[in-house]
There are 2 protein chains.
Amino acid sequence: MVTIKDISKKCGYSSATVSKALNGGADINQKTVEHILNVAKGMGYFPNAVARALKTNRTYNLGVLFVDKTFSGLAHEYFSSVLNSFKVEAERLGYDITFISRNINRVGMSYLDHCHYRGCDGVVIASIDFSDPDVVELVQSNIPIVTIDHVFNECTSILSDNVQSVKDLVTHVYNKGHRKIAFIHGEDTSVTRKRLGSFHRTCSNLGIDVQSEYLRAAIYHDPKSSGLATRELLALKNRPSCILYPDDFSILGGITEIERAGLSIPEDISIVGYDGIHLSQVLRPRLTTLRQDTEILGREAAAQLVDAIENPKSYIPQQIVVPGTVIAGETVKQLILAGNTHIFPIYASIFKEDINEKSISYCVGSAFAGHFRRIRAGRD
Amino acid sequence: MVTIKDISKKCGYSSATVSKALNGGADINQKTVEHILNVAKGMGYFPNAVARALKTNRTYNLGVLFVDKTFSGLAHEYFSSVLNSFKVEAERLGYDITFISRNINRVGMSYLDHCHYRGCDGVVIASIDFSDPDVVELVQSNIPIVTIDHVFNECTSILSDNVQSVKDLVTHVYNKGHRKIAFIHGEDTSVTRKRLGSFHRTCSNLGIDVQSEYLRAAIYHDPKSSGLATRELLALKNRPSCILYPDDFSILGGITEIERAGLSIPEDISIVGYDGIHLSQVLRPRLTTLRQDTEILGREAAAQLVDAIENPKSYIPQQIVVPGTVIAGETVKQLILAGNTHIFPIYASIFKEDINEKSISYCVGSAFAGHFRRIRAGRD
DNA sequence: TTGTAGGCGTTATCAG
DNA sequence: CTGATAACGCCTACAA
């Protein structure tokens with residue numbers, strides 16, 4: 001491990017001068033800089049992140065906090081996608097990532113403790129019980145935080161547009177002729193509330209009377225609970241013609257249950273997922289679902305977090321809403337209705353596979369402006 | 001951030017004494033220890049990993065190097081499973097993990113540079129082009145390394161039992177009556193060679209003459225290339241009755257191609273995957289495949305790596321072989337043969353869904369002994 | 001423009 | 001048993 005001291009010896013300058021040259025200090029001879037840089041490169045020098053961190057209090061490490069109710073960890077396909085995109089962007093900006101957990105060495109360490117212990121410059125939080133006191137403690141600390149799909153007043157959040165998405169989804173199903181629409185939703189979170197609210201409002205606007213027995217609670221990413229709810233729905237006297245599920249993964253429990261009942265999809269019953277994970281498009285029949293843009297969600301979370309870290313004075317926390325896209329698969333049957341066949345217009349980006357730059361302007365405010373400016377400028 | 005100095009002030013002992021008390025030093029009054037520990041806990045003290053690392057050269061950070069040919073990142077379901085299990089075990093042992101890449105801040109940093117930069121105590125390497133000079137450089141450094149599914153003389157490797165697994169798979173297919181067995185394999189790696197070798201040997205033992213046109217090269221985790229190979233196989237005059245694929249993910253390309261040709265699975269053609277990822281069991285028909293035990297692979301990689309780090313003198317690098325399990329799905333048709341109907345006995349663990357403790361003894365040597373001893377002892 | 005000196009929080013050595 | 005002191009590699013006033 002070659003250090004600054006080694007370089008300093010080799011080229012005759014003091015370690016202070018070397019340090020300045022390496023970090024692009026202003027008050028230093030250009031010629032000297034070049035020389036030192038050459039020697040450093042020749043010796044294969046790389047800074048020691050640990051030593052630098054001790055001095056500067058900046059580790060260039062971002063914490064990632066993710067714990068879902070089913071403890072899927074990295075096996076959670078939706079989260080893995082978001083995280084991967086987060087990671088790629090973070091690395092591009094010069095940061096590594098560290099998973100935050102409470103299980104390090106089995107010591108009773110809170111999330112905040114772990115962050116301090118590792119000196120995370122910032123933390124992204126996703127898919128967790130946001131009412132957990134440990135999470136609250138972390139959010140209220142002075143570490144920059146970005147949350148995904150949950151809003152805290154104090155910090156930036158990246159939000160999938162759940163309201164619009166559920167509206168699109170319900171409208172899509174409605175346009176296919178469905179009126180008896182059931183909704184199996186996940187556990188009580190702000191996301192669930194938004195989806196439920198949007199479900200009610202959209203139905204109401206479309207003139208559908210929502211039956212309370214069509215609403216069932218399950219758990220996200222848990223096929224078993226969705227399967228159970230499905231069984232209950234199938235047992236109803238007046239059973240729904242279409243069921244919306246919490247996500248593409250838990251819908252598997254529903255499919256199993258429907259098959260077990262001897263029904264076929266979509267002939268006997270239509271189903272709709274959520275997330276648009278890869279799995280949803282390799283199932284047969286291909287799932288009708290809502291694709292959340294994990295690419296943008298992750299990337300933007302990283303970009304915002306780094307922005308907040310590097311510009312603590314001028315950074316303004318904000319809510320960034322990322323639109324989703326209905327993917328019209330093969331699991332919603334076209335029903336022939338006696339009367340009303342009016343087709344309702346729906347969201348502009350619907351049916352489009354990819355979000356292009358245009359659709360990004362759907363985002364609230366000009367959240368992306370800075371981001372794209374940064375990318376174009378090729379910051380380093 | 002409360003430091004040792006704060007504690008030292010508060011309870012009147014020097015920082016040296018406090019440090020010793022905190023780290024369980026030997027030559028120190030038990031009463032003093034208790035007192036200091038109390039005060040520390042009261043003040044909510046947690047050590048600063050960065051400062052400690054600078055002094056001790058131990059970061060309690062494990063590097064993870066994973067780059068597959070299709071750049072799937074964390075979206076690679078098989079690897080995600082291994083990694084998740086690796087992560088859980090690492091955390092249990094007091095380590096965090098850091099992803100190693102070459103893209104940090106877009107500086108030209110080799111893998112080894114990144115490891116040094118972050119001061120990784122050890123590195124696990126998986127699913128990468130092991131002939132990459134950067135990888136070789138890393139392996140030849142003095143950082144403890146554990147590789148997954150590749151053997152370097154100098155370091156421990158955790159190996160899925162490819163030879164036995166392919167033998168089991170081919171025998172299974174043979175027992176179902178198949179004689180015209182094609183094999184689409186991944187790019188040239190040591191794993192591929194083992195699988196190919198085992199394929200040839202098993203066929204030979206079973207009296208099958210392997211047609212060279214039945215062997216096709218594709219790329220792991222790349223549905224497109226497997227699709228292409230499938231198309232070629234289907235176009236053969238004497239087409240195979242069963243195709244083995246590189247993995248469960250790339251088999252999707254094969255399925256698409258088979259459907260496109262108007263053939264049905266398994267009626268017209270049988271197919272077999274590899275890995276046993278979750279996806280394979282939610283497809284319809286359910287895939288016949290080989291389940292690799294990602295749980296054990298990841299856990300053991302972490303356990304071995306930490307062992308190597310913490311006992312540099314006594315640690316002996318070794319190869320640990322983890323058995324796989326044939327999962328009999330619905331994609332291999334039972335053929336009725338005119339003559340020979342002898343059923344060959346196959347691997348003991350075949351058809352079992354879960355590896356239980358007994359089957360662990362299949363592992364080469366007593367690799368697990370230390371591991372389980374450690375777990376039972378509840379080390380901390 | 002360059003160099004000196006001190007300190008970030010921790011641990012290790014060695015003397016008291 | 002306890003404490004003073006130095007050092008890990010780097011950065012940064014401040015002095016030269």
Side-chain angles (χ1 to χ4, degrees), chain A residues 1-37 39-40 43-61 94 105 113-121 310, chain B residues 1-37 39-40 43-61 94 105 113-121 310:
Chain A
M1 289 301 323
V2 30
T3 73
I4 281 191
K5 210 186 260 172
D6 298 328
I7 300 178
S8 124
K9 265 182 208 143
K10 186 131 187 178
C11 60
Y13 288 99
S14 76
S15 62
T17 306
V18 173
S19 173
K20 272 182 231 165
L22 255 24
N23 295 303
D27 51 351
I28 184 166
N29 188 314
Q30 192 51 38
K31 211 89 194 264
T32 314
V33 172
E34 278 170 32
H35 178 227
I36 291 176
L37 253 42
V39 174
M43 298 177 75
Y45 171 80
F46 267 97
N48 179 324
V50 165
R52 184 213 272 147
L54 183 59
K55 181 67 190 174
T56 62
N57 252 327
R58 297 270 282 101
T59 57
Y60 288 88
N61 235 314
N105 220 353
D113 289 336
H114 194 177
C115 290
H116 279 149
Y117 171 67
R118 282 297 176 191
C120 297
D121 293 335
E310 300 188 347
Chain B
M1 289 299 324
V2 29
T3 72
I4 282 191
K5 213 184 256 172
D6 298 328
I7 301 177
S8 124
K9 264 181 208 145
K10 186 134 187 174
C11 60
Y13 289 98
S14 75
S15 60
T17 305
V18 173
S19 174
K20 268 183 234 164
L22 255 23
N23 295 302
D27 51 348
I28 182 167
N29 189 314
Q30 192 52 37
K31 212 94 192 260
T32 314
V33 171
E34 277 168 34
H35 179 226
I36 290 176
L37 253 40
V39 174
M43 300 176 75
Y45 171 80
F46 266 96
N48 179 324
V50 166
R52 183 207 273 151
L54 182 60
K55 181 67 189 171
T56 61
N57 251 327
R58 297 269 283 104
T59 57
Y60 288 88
N61 235 314
N105 220 354
D113 288 336
H114 194 178
C115 290
H116 278 149
Y117 170 67
R118 282 298 175 192
C120 296
D121 293 337
E310 300 188 346

Results of ring-ring contact (aromatic ring centres under 6.0 Å, His included) for B:Phe46 - residues two or more places apart only
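Partners of B:Phe46 under the ring-ring contact (aromatic ring centres under 6.0 Å, His included) test: none.
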Sequence neighbours left out, what passes ring-ring contact (aromatic ring centres under 6.0 Å, His included) with A:Tyr45? Give chain and number order.
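Result, ring-ring contact (aromatic ring centres under 6.0 Å, His included) vs A:Tyr45: none returned.
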Residues 16-25 of chain A side chain polar contacts: donor-acceptor under 3.5 Å, at least two apart:
{"unit_1": "A:Thr17", "atom_1": "OG1", "unit_2": "A:Ser14", "atom_2": "OG", "d": "3.1"}
{"unit_1": "A:Ser19", "atom_1": "OG", "unit_2": "A:Asn23", "atom_2": "ND2", "d": "3.4"}
{"unit_1": "A:Asn23", "atom_1": "ND2", "unit_2": "A:Ser19", "atom_2": "O", "d": "2.9"}

Residues forming a side chain to side chain contact (heavy atoms under 4.5 Å, CB included) with B:Lys10, sequence neighbours excluded:
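Here the qualifying residues are B:Val39, B:Met43.
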B:Asn29: which residues meet the side chain to side chain contact (heavy atoms under 4.5 Å, CB included) condition with it, sequence neighbours left out?
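With sequence neighbours excluded, B:Asn29 shows a side chain to side chain contact (heavy atoms under 4.5 Å, CB included) to B:Lys31, B:Thr32, given in chain and number order.
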Using a 4.0 Å heavy-atom cut-off across all strands, classify A:Gly12 as base, sugar-phosphate, or nothing.
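Counting heavy atoms under 4.0 Å across all strands, the contact made by A:Gly12 is with sugar-phosphate only.
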Looking at residues at least two apart in the chain, or sitting in another chain, which of them share a salt bridge (charged side-chain N to carboxylate O under 4.0 Å, His left out) with B:Asp121?
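For B:Asp121, the residues satisfying salt bridge (charged side-chain N to carboxylate O under 4.0 Å, His left out) (neighbours in sequence not counted) are B:Arg58.
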Enter the inter-axis angle for the ends of the helix from C:dT1-D:dA16 to C:dG16-D:dC1 (five pairs per end, rounded to 10°).
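About 50°, once rounded to a multiple of 10°.
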Distance test, side-chain N/O of A:Thr17 to OP1/OP2 of C:dT1, below 4.0 Å
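Checking C:dT1 against A:Thr17, no side-chain N or O comes under 4.0 Å of OP1 or OP2.
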Approximate separation, where rounding is to 0.5 Å, of B:Asn48 CG and A:Arg118 CZ
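Reported value, rounded in 0.5 Å steps: 10.0 Å.
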Nearest heavy-atom neighbours spanning B:Val2 and B:Asp6:
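Nearest pair, atom of B:Val2 first, then B:Asp6: CA-OD2, 3.4 Å.
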On a heavy-atom basis, which atom in B:Ile36 and which in B:Cys11 lie closest, and how many Å separate them?
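Nearest heavy atoms, B:Ile36 then B:Cys11: CG1-SG, 4.1 Å.
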Span of DNA chain D, from the first to the last nucleotide whose atoms fall under 4.0 Å of chain B heavy atoms:
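First-to-last contact on DNA chain D, by the 4.0 Å heavy-atom rule, is D:dC1 to D:dG9.
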List for me each residue that meets side-chain hydrogen bond (donor to acceptor under 3.5 Å, both in side chains) alongside A:Asp113, sequence neighbours excluded, and say none if there are none.
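Testing A:Asp113 for side-chain hydrogen bond (donor to acceptor under 3.5 Å, both in side chains), a comparison that skips the adjacent residues, returns A:Ser110.
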Output one letter per nucleotide in nucleotides 8-16 of chain C: B when a protein non-hydrogen atom lies under 4.0 Å from the base, S when only the sugar-phosphate is that close, - when neither is.
BBBBB----
